[in-house]
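Notes for the one structure printed next.
Positions are given from 1, in the same order as the sequence printed here.
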Amino acid sequence: MPKVGMEPLRRAALVDATIGMIGETGSLDVTVSQIAKRAGMSSALAHHYFGGKDQIFLAAMRHILTEYSAEVRSALKAAKTPEDRLAALIDANFAETCFEPAAVSAWLNFYVQAQSSEAAARLLRVYQKRLDSNLRHALRVHVADPAPIARALAAMIDGVYLRAALSGRGLGKDAAQQVIAVAGALIAERAQ
């Protein structure tokens, strides 16, 4: 008879193990057996909870996106002015948690997997639409049509993040300041 209340704990352990394994290997070239062993359970149990490696990886990315979302909400909660809101949103994309080695590996592999997995592509689109929506909302007090600037800033956030992540040192506030400076220039250009 299964232990009551263990499923959420086991699922969380498998998600953490997946992120850890991807962080160690730098790729999705890991097996369900390796993930399960790291989580302290059998691969049969891992398959029972998730079905397979792709589903475990998607659960891991949902977890990372949930943590990212919490960073964004926390940053936005502290924002007092429209300028603060835009800066907070950009800063959240360069939080220390975003540059943990395992999270970086997961993000990089997520972009690759989204090229061949419809489920991963759908999850990536959700992330992209939320970022776009948040940026447009933050920009709407600055410009009449925030969509073009939001698209440019989202592309810059992703690009600066990838460069920082691949450099292995992160950029933190420097990265955020680069994007904030570009946002200011784009807003000023539109205001003319």
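How far CD1 of I180 is from CD1 of I90: 5.0 Å, rounded to the nearest 0.5 Å.
Here the side chains of R85 and K80 are not in contact, with every heavy-atom distance at 4.5 Å or above. Residues R122 and S117 fail the side-chain proximity criterion, which asks for heavy atoms closer than 4.5 Å. Using a 4.5 Å heavy-atom cutoff, the side chains of L76 and L89 are in contact. D132 is listed as a side-chain neighbour of R151, based on a closest heavy-atom distance under 4.5 Å. Taking the side chain as every heavy atom from C-beta outward, T31 and I35 never approach each other to under 4.5 Å.
A tilted orientation is assigned to the rings of Y111 and W107, their planes being inclined by 30° to 60°.
The side-chain hydrogen bond (donor to acceptor under 3.5 Å, both in side chains) contacts involving residues 93-103 comprise Y68-N93, E71-T97, where partners must be two or more places apart or lie in separate chains. Counting only residues at least two apart or on different chains, the side-chain hydrogen bond (donor to acceptor under 3.5 Å, both in side chains) pairs with a member in residues 11-23 are E7-R11. Applying the ring-ring contact (aromatic ring centres under 6.0 Å, His included) test to pairs two or more places apart or on separate chains, none has a residue in residues 25-51.
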Exercise. Could you walk me through whether L108 and L162 pass side chain to side chain contact (heavy atoms under 4.5 Å, CB included), step by step?
Key: CA-CA 8 Å; L108 295 176; L162 287 172; 3.3 Å; yes
Practice problem: List the steps, then state whether side chain to side chain contact (heavy atoms under 4.5 Å, CB included) holds for L139 with L153. | Solution: CA-CA 11 Å; L139 289 163; L153 292 178; 4.2 Å; yes
Exercise. Apply side chain to side chain contact (heavy atoms under 4.5 Å, CB included) to the pair N109 and Q113, showing each step before the final yes or no.
Key: CA-CA 6 Å; N109 282 285; Q113 189 177 25; over 6 Å; no
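Using modelled atom types, no side-chain atom of E67 and backbone atom of I64 make a donor-acceptor pair closer than 3.5 Å. Side chain of Q55 to backbone of G52: a donor-acceptor contact under 3.5 angstrom is found.
Counted by atom type alone, S69 and R73 present one or more donor-acceptor pairs between their side chains at under 3.5 Å.
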